[in-house]
Number of protein chains: 2
Amino acid sequence: MLVSNHARPTLEDVAARAGVSRATASRVLNASPRVSPEALEAVNAAVHALGYQPNRAARALVTRRTGAVAVVFSEPEPKIFDDPHFARLIRAGARALADVDVQMVLMLVHSPDDQARAHRFLAGGHVDGALVFAPHRNDELVSIVKKLPLPVVYAGKPWGSLRGMHLVDNDNEGGAVLATEHLKSLGRKKIVHVSGPLDELSAIDRLNGFKAALSLDDKGAARVTEDGGFTREGGRKAMSALLAKVPSLDAVFVASDLMAAGALETLHEAGRRVPEDVAVVGFDDHVSIAEHTAPKLTSVRQDSDEQVKHMVEHLMKLLRDETVKSKKQMLPTVLVRRESA
Amino acid sequence: MLVSNHARPTLEDVAARAGVSRATASRVLNASPRVSPEALEAVNAAVHALGYQPNRAARALVTRRTGAVAVVFSEPEPKIFDDPHFARLIRAGARALADVDVQMVLMLVHSPDDQARAHRFLAGGHVDGALVFAPHRNDELVSIVKKLPLPVVYAGKPWGSLRGMHLVDNDNEGGAVLATEHLKSLGRKKIVHVSGPLDELSAIDRLNGFKAALSLDDKGAARVTEDGGFTREGGRKAMSALLAKVPSLDAVFVASDLMAAGALETLHEAGRRVPEDVAVVGFDDHVSIAEHTAPKLTSVRQDSDEQVKHMVEHLMKLLRDETVKSKKQMLPTVLVRRESA
DNA sequence: CTCCTCGATGAAAACCTTTGAGTCGCTGGT
DNA sequence: ACCAGCGACTCAAAGGTTTTCATCGAGGAG
């Protein structure tokens with residue numbers, strides 16, 4: 001009976017061993033309610049004994065479902081991937097998708113070439129849906145993806161019209177308000193801001209929160225804000241510029257931890273003590289950064305794991321039920337106090 | 001998710017439009033030599049006109065090939081993923097696999113649970129092969145993967161017997177020799193070493209290179225070496241310990257850039273000037289780190305992009321021809337001089 | 001002119017699963 | 001006794017591609 005034939009067992013084999021038809025075996029595997037307890041048990045036993053694993057291709061062929069989803073990062077500046085934020089998102093995606101037993105197909109798109117490839121791939125029906133990370137202004141990829149008849153969930157707000165889109169965003173503006181209010185509550189009077197690149201909506205939202213908390217108009221904000229480009233080096237430079245523009249500053253809200261790390265270095269070199277002379281609040285709460293700066297960084301936490309988990313959850317809902325309507329989900333942010341403010 | 005408007009064209013449609021049979025159309029797509037020039041052109045035209053894309057599932061069903069390969073990172077300490085090295089490898093993998101038009105299925109395994117899942121997945125025939133990154137000693141995953149009838153290429157030497165394995169390694173030992181010789185050539189007399197965790201062979205190889213260049217035995221090496229765990233924080237601590245153990249040190253070879261960044265901070269705090277008092281050489285040549293330390297870091301370059309590219313190439317060879325024999329490939333390393341040594 | 005060879009092509013089987021339609025044996029109502 | 005209804009199952013038809021084998025026609029050798 002036990003044939004150690006190295007060919008993988010098929011559903012037919014399972015059915016034969018369980019003494020039922022292929023159809024019944026299939027129904028057991030798909031948890032159909034219309035099977036008797038005996039059949040169910042017999043089939044399960046056979047599956048176990050044979051170590052049966054459904055053939056994904058055959059299943060995909062008939063269900064027209066691939067059991068895979070694409071995770072797409074659109075980012076013209078490949079070096080930004082050095083940001084630990086990126087690693088965190090990938091990690092979260094891998095985990096969340098594995099949990100629901102779907103394959104994660106990772107796509108990194110930088111060049112127009114990559115865009116074309118992504119277009120071909122996504123249009124080719126190789127995946128059931130996609131998670132898209134495309135933070136930049138006027139990203140061609142978003143227009144491409146929008147036209148596809150493919151369920152997509154975005155991370156954050158992509159640039160452009162949001163009509164009919166599904167997305168899970170962090171409350172960037174709220175978090176920025178939190179940070180700024182905290183600095184105010186410490187009695188700081190000259191609060192400045194290192195922003196992210198203003199072609200990303202998350203950076204704009206954070207800037208807006210900063211402005212709102214201080215009741216600043218555009219002009220006022222411009223006087224106390226510098227763009228740090230979401231890089232460590234950018235954070236250094238922006239901080240230098242701010243020290244020059246506003247020598248009397250006593251607090252700074254930095255729109256990312258990576259930039260904050262750079263800003264701290266600049267402040268240190270300039271002889272300003274943190275938090276005594278200058279209070280600093282970051283954004284992201286990247287433990288691997290925030291816990292290792294000197295002093296440890298107070299930061300606004302956005303839970304990327306949670307964000308990705310929600311994205312996956314929502315995409316699965318979309319895949320099950322085509323009629324889910326457009327939905328924008330907003331995740332709360334919270335201030336984590338450490339030593340820098 | 002298919003839209004009723006435009007059902008995707010099948011090979012049948014292409015054949016009809018080109019006025020040939022499905023078989024011939026298929027032959028064209030698979031670049032079979034046995035088709036007439038006219039047929040070839042007609043089919044290509046039809047493919048283009050219809051925007052035809054082969055159905056992957058159907059193809060997989062008959063060829064018993066999935067067109068996907070797994071990229072597996074086995075790493076008990078999830079936080080290590082914050083290392084930019086990880087991001088770089090993923091990026092390189094995504095690119096290299098996309099170039100040969102195969103899907104990359106990313107698997108991150110931390111826990112025994114993850115191992116079980118990976119086992120099921122890899123044994124389930126869901127991929128044609130795997131690229132495995134498993135640097136740690138006695139990694140259970142390696143034993144699991146070894147038993148699978150699945151073509152696998154390893155990154156670096158996994159722990160244990162290498163019989164019959166395919167791998168692409170960097171010349172860690174040679175690079176370490178390079179670094180140490182360079183420090184010697186600068187006239188440094190008291191050279192110490194911050195190693196990686198000694199449950200990784202790459203760390204051991206680098207340590208061995210260091211020992212070889214200085215003709216040290218185990219005892220001698222122990223006196224001038226500290227384990228920095230491949231983390232920034234570990235680098236700081238190891239450097240402190242070394243300063244205590246060998247106050248007169250005038251050079252240090254650090255087994256990774258991330259650790260070197262930490263070591264530089266410690267040296268700075270201790271008032272040692274780099275490179276005047278202490279010369280520092282890192283390993284990895286991570287531009288995003290090495291270019292942004294103060295002073296800029298001299299480092300041993302290992303080209304991860306190249307490594308991954310070779311891994312993919314070799315795996316593809318394995319997939320085409322089952323009879324390729326076991327092969328260990330070694331990639332050269334080279335010293336990149338900047339300011340720190 | 002016939003017989004062969006050979007290259008290009010087509011018909012059809014095979015890959016493995018899901019699923020709608022049909023079958024079978026019971027129960028319970030009339 | 002009969003029939004409707006029902007639950008549990010089986011049959012067999014897709015689903016789109018590759019590949020083997022047979023066929024067909026043309027051209028060369030005899």
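No experiment lies behind these values; they were computed from the predicted model shown.
Here C/dC15 presents its C1' atom at 18 Å from CD of A/Q53, a figure rounded to the nearest Å. Taking atom CZ of residue B/R27 and atom C1' of nucleotide D/dC21, one finds them 11 Å apart after rounding to whole Å. Rounded to whole Å, atom P of C/dA13 lies 11 Å from atom CZ of B/R22. When the C1' atom of C/dC15 is taken as reference, atom CZ of A/R56 falls 18 Å away, rounded to whole Å. Here D/dT19 presents its P atom at 12 Å from CG of B/L11, a figure rounded to the nearest Å. Rounded to an integer number of Å, the gap from CD of A/E41 to P of D/dA8 is 16 Å. Residue A/R59 contributes atom CZ, which lies 18 Å from atom C1' of D/dG16 at whole-angstrom precision. Separating the CG atom of B/L29 from the P atom of D/dT18 is a distance of 6 Å, rounded to the nearest angstrom.
Comparing D/dT10, C/dC15, C/dT17 by their nearest atom to the side chain of B/L61 picks out C/dC15. In the set D/dT17, C/dT17, C/dA12, the nucleotide with an atom closest to the side chain of B/A23 is C/dA12.
Relative orientation of the B/F133 and B/F73 rings is parallel, given thresholds of 30° and 60° on the angle between their planes.
A/K157 contributes atom NZ, which lies 4.5 Å from atom CG of A/D169 (distance to the nearest 0.5 angstrom). Between atom CG of residue A/N44 and atom CD of residue A/E41 there is a gap of 8.0 Å, rounded to the nearest 0.5 Å.
Proximity of A/Y52 to the phosphate of C/dC16: no side-chain N or O atom is located under 4.0 Å from OP1 or OP2. Distances shown here put every side-chain N or O of A/R34 at or beyond 4.0 Å from the OP1 or OP2 atom of D/dA8. When the side-chain nitrogen and oxygen atoms of B/S36 are compared with OP1 and OP2 of C/dT9, one or more of them lie within a distance under 4.0 Å. Between B/N30 and D/dT18 there is a side-chain polar atom (N or O) within less than 4.0 angstrom of OP1 or OP2. Between B/T10 and D/dG16, a side-chain N or O to OP1/OP2 separation shorter than 4.0 Å is absent.
Map A/V62 and B/T24 each onto its nearest nucleotide of DNA chain D; the residue landing nearer the 5' end is A/V62.
Residues B/H85 and B/Q302 meet the side-chain proximity criterion, which asks for heavy atoms closer than 4.5 Å.
For A/K309, the NZ atom is loosely surrounded, since the number of other residues' heavy atoms within 6.0 Å does not exceed 12.
When heavy atoms are screened at a 4.0 angstrom cut-off, A/A39 is found touching the sugar-phosphate backbone but no base atom. Here B/S26 lies in heavy-atom contact (under 4.0 Å) with a base.
Under 3.5 Å, the side chain of A/R64 and the base of D/dG16 form no donor-acceptor pair of N or O atoms.
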